[in-house]
Each structure stands twice: as C-alpha cells, then as structure tokens.
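First comes the structure, then the notes that go with it.
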Amino acid sequence: MRVHVVDHPLVTHKLTTLRDERTPSPTFRSLTDELVTLLAYEATRDVRVEPADIVTPVAPTTGVRLASPKPLVVPILRAGLGMLDGMMRLLPTAEVGFLGMVRNEETLEASTYAERLPEDLSGRQCYVLDPMLATGGTLAAAIRFLVDRGADHITAICLLTAPEGCQRLDDLLADLDVPVTVVTAAMDERLNEKGYIVPGLGDAGDRLYGIAG
C-alpha cells in the first residue's frame with residue numbers, strides 16, 4: 001500500500017480552516033468540496049487513458065481520453081457524500097456507486113448496511129471517498145468489498161489519516177494483489193483512546209451536516 005500526503009500550501013490552508021471548531025457547517029461543506037478537488041488532482045495521476053485522434057482548428061493531432069471501463073467513484077456513506085461533488089468536478093464522466101458502512105464504537109469493527117454497486121467490477125479503477133482514515137477498519141472493509149467484485153486498482157481519498165490507521169489498513173490488505181493508494185491532506189499525530197484522530201477535525205459527518213447519526 002502506498003500513502004501519498006499532498007504537500008501544497010492551498011491544501012494546508014483549507015485544512016486549517018476545516019480543523020477550526022468555529023467553522024460552521026456551510027463553510028465546512030464548501031471547503032471540503034474545494035479540498036477534495038485538489039486531492040483528486042493528485043489521486044487521478046494514474047487514471048487509465050487511451051489515445052484519441054482529433055482535429056483542432058489548425059491540424060489533426062492525437063490526445064488521450066479516459067479508457068473504458070470508466071472509473072468508479074465510491075463514497076462511503078454518510079460522510080463520504082460530502083466529498084462527492086469535489087471529486088466529480090474533476091472526473092465528471094466517472095460512474096458513481098455507494099457503499100454504506102458503519103463502525104461499532106466499542107469494537108471499532110465495520111459492517112456493511114447498504115450498497116449500490118455493479119455486481120461485476122472486473123477491470124475497474126475505483127476511487128473511494130472517506131474523510132477520515134482513523135482505525136482503518138471501515139476503509140479496509142470497503143476496499144475488500146470492491147476487490148471481491150473484481151476491482152483491480154483502488155485509490156482512497158481521505159481528508160486526514162492517522163499512522164495507526166494506515167498501518168492497520170496495510171496489515172488488513174496485505175494479502176491483496178491489487179494496488180492500493182491512499183491520498184490525503186495530512187498524516188496526523190495519533191489516535192486517542194476513543195479511536196479519533198488527534199488533532200483531527202472532529203466527526204466529519206456531524207460537521208458536514210450539522211446533525212449526529
């Protein structure tokens with residue numbers, strides 16, 4: 001597994017405002033949208049393309065277009081939905097699937113409660129959207145779910161990650177032959193005793209939508 005921390009001053013600037021507890025939900029949503037677009041630029045460096053012959057107003061030339069099958073963007077419900085618009089702004093022709101997963105706050109294990117995905121993902125590149133890579137269980141379960149359906153290239157986009165979560169994700173996916181990359185705005189210090197990222201930014205879902213659940 002590869003972890004790529006996007007080191008860019010605009011990324012750090014927007015993340016700083018996201019972290020601030022005084023930032024209201026509307027501003028948090030807007031900044032998340034902008035930040036994800038910046039992260040998506042880095043995350044799609046390996047997106048598959050194929051040659052495309054075109055004619056410009058001056059002369060014929062060859063460029064590239066996204067290869068088939070199209071990439072699949074998969075937000076993990078519910079907080080991942082807040083990242084979808086930012087991702088689709090950069091990759092508007094991608095298809096979108098949904099995966100609902102919940103973490104047991106006592107065992108920290110993840111379980112699937114809903115999914116809307118193609119049954120066959122053979123040959124598909126998947127971009128998984130999950131704001132926080134904390135304990136790693138939820139993201140690992142989501143990635144394994146996609147690989148079990150045939151996905152052969154996974155990139156996860158996370159606003160924040162913790163070292164413990166990255167290590168556990170690597171351990172849980174060690175048996176997979178599929179390349180997995182995590183693209184994130186920051187690698188934070190640690191997890192606290194409740195499994196939350198420190199310094200983090202709190203519960204991303206609550207801060208995006210202003211309600212618990």
Side-chain angles (χ1 to χ4, degrees), residues 1-8 10-15 18 28-54 61-101 114-133 138-139 142-147 149-161 169 173 176 178-186 204-205 208-209:
M1 186 187 78
R2 184 172 71 93
V3 179
H4 176 45
V5 180
V6 179
D7 182 15
H8 191 287
L10 284 179
V11 169
T12 306
H13 162 72
K14 295 179 188 300
L15 181 58
L18 282 181
F28 193 95
R29 286 194 296 270
S30 177
L31 283 170
T32 296
D33 187 66
E34 296 170 10
L35 181 55
V36 171
T37 299
L38 293 174
L39 296 178
Y41 180 80
E42 293 294 330
T44 53
R45 283 189 178 274
D46 294 326
V47 69
R48 292 169 184 157
V49 295
E50 59 190 12
D53 295 325
I54 62 168
T61 189
T62 300
V64 299
R65 60 168 54 97
L66 292 181
S68 295
K70 294 179 180 179
L72 182 69
V73 177
V74 184
I76 298 180
L77 306 177
R78 68 181 167 129
L81 281 177
M83 304 172 67
L84 182 58
D85 286 348
M87 184 70 186
M88 297 306 292
R89 181 172 295 110
L90 197 69
L91 204 61
T93 60
E95 296 181 353
V96 180
F98 298 94
L99 191 56
M101 309 201 79
E115 62 93 359
R116 187 70 174 179
L117 294 163
E119 289 295 329
D120 185 5
L121 295 176
S122 298
R124 299 292 290 267
Q125 283 184 295
C126 294
Y127 294 88
V128 183
L129 309 180
D130 192 14
M132 315 292 281
L133 173 47
T138 299
L139 188 54
I143 291 172
R144 190 168 290 279
F145 190 99
L146 297 172
V147 171
R149 291 205 174 179
D152 66 358
H153 189 280
I154 307 287
T155 301
I157 300 176
C158 305
L159 301 181
L160 290 179
T161 57
L169 185 65
L173 302 179
L176 296 185
V178 171
V180 175
T181 299
V182 175
V183 177
T184 183
L208 279 163
Y209 305 116

Measure the shortest side-chain to side-chain distance between L38 and H8 over non-hydrogen atoms and say whether it is less than 4.5 angstrom. no

Of the options R29, R89, K14, which is the one that meets E34 in a side-chain hydrogen bond (donor to acceptor under 3.5 Å, both in side chains)? K14

Quick check: closest heavy atoms across A186 and V5, and the distance to 0.1 Å? CA-CG1, 4.0 Å

side-chain contact (heavy atoms from CB on, under 4.5 Å) for C158 and V182? Distances and angles first, verdict last. CA-CA 7 Å; C158 305; V182 175; 4.3 Å; yes

Residue list, side-chain hydrogen bond (donor to acceptor under 3.5 Å, both in side chains) with R45, at least two apart or on another chain: E42

At their closest point, which heavy atom of L72 faces which heavy atom of P118, and how far apart are they? CD2-CD, 4.2 Å

Does E119 have any salt bridge (Lys or Arg N to Asp or Glu O under 4.0 Å) partners at least two apart in sequence or in another chain, and if so, which? R149

Excluding sequence neighbours, so at least two apart, what forms side-chain hydrogen bond (donor to acceptor under 3.5 Å, both in side chains) with D85? none

Does R48 have any side-chain hydrogen bond (donor to acceptor under 3.5 Å, both in side chains) partners at least two apart in sequence or in another chain, and if so, which? D152

Looking only at heavy atoms, which two atoms of Y127 and P71 are closest? And how far apart? CE1-CB, 3.9 Å

Measure the shortest side-chain to side-chain distance between L208 and F28 over non-hydrogen atoms and say whether it is less than 4.5 angstrom. yes

Would you call L84 and V36 a side-chain contact if the rule is heavy atoms closer than 4.5 Å? no

Minimum heavy-atom separation for P69 and G123, please, with both atom names. CG-O, 3.6 Å

Go through T184 and V6 one step at a time and tell me if the side-chain contact (heavy atoms from CB on, under 4.5 Å) criterion holds. CA-CA 6 Å; T184 183; V6 179; over 6 Å; no

For a 4.5 angstrom cut-off between non-hydrogen side-chain atoms, does M87 reach I157? yes

Show me the side-chain donor-acceptor pairs of residues 92-101 shorter than 3.5 Å, one per line, residues at least two apart or across chains.
| residue | atom | partner | partner atom | Å |
| --- | --- | --- | --- | --- |
| E95 | OE1 | R124 | NH2 | 2.9 |

With sequence neighbours left out, the residues meeting side-chain hydrogen bond (donor to acceptor under 3.5 Å, both in side chains) with T62 are D53

Do T44 and L90 make a side-chain contact, defined as non-hydrogen atoms from C-beta onward lying under 4.5 Å apart? yes

Is the closest side-chain heavy-atom distance between V128 and I154 below 4.5 Å? yes

Please check this pair: side chain of T37 against backbone of G86, looking for a donor-acceptor N/O pair closer than 3.5 Å. yes

For residues T181 and V183, determine if any side-chain heavy atom of one lies less than 4.5 Å from a side-chain heavy atom of the other. yes

Quick one: OG1 on T161 to NE2 on H4, what's the gap to the nearest 0.5 Å? 12.0 Å

Taking side-chain contact (heavy atoms from CB on, under 4.5 Å) as the definition, give me every residue that meets it alongside H13, ordered by chain and number, with sequence neighbours left out. none

If you apply the rule side-chain contact (heavy atoms from CB on, under 4.5 Å), what do you find for K70 with L66, and how did you get there? CA-CA 7 Å; K70 294 179 180 179; L66 292 181; over 6 Å; no

With S122 via side-chain contact (heavy atoms from CB on, under 4.5 Å) - residues at least two apart: D120

Which residues pass the side-chain contact (heavy atoms from CB on, under 4.5 Å) test with L176, not counting sequence neighbours? I143, R144, V147, L173

Below 4.5 Å, heavy atoms only, C-beta onward: do T155 and D46 meet side chain to side chain? no

Begin with the C-alpha distance, continue with both residues' side-chain angles, and end with the deciding distance and a verdict on side-chain contact (heavy atoms from CB on, under 4.5 Å) for L169 and M1. CA-CA 8 Å; L169 185 65; M1 186 187 78; 3.3 Å; yes

With A52, which residues qualify under side-chain contact (heavy atoms from CB on, under 4.5 Å), at least two apart? R65

If only atom types and distance count, is the side chain of Y209 paired as donor or acceptor with the main-chain N or O of G82 below 3.5 Å? yes

Closest approach of A185 to L15 (non-hydrogen atoms, all atoms of both residues): CB-CD2, 4.0 Å

Tell me the closest heavy-atom pair linking S68 and E50, and the distance in Å. N-OE1, 4.2 Å

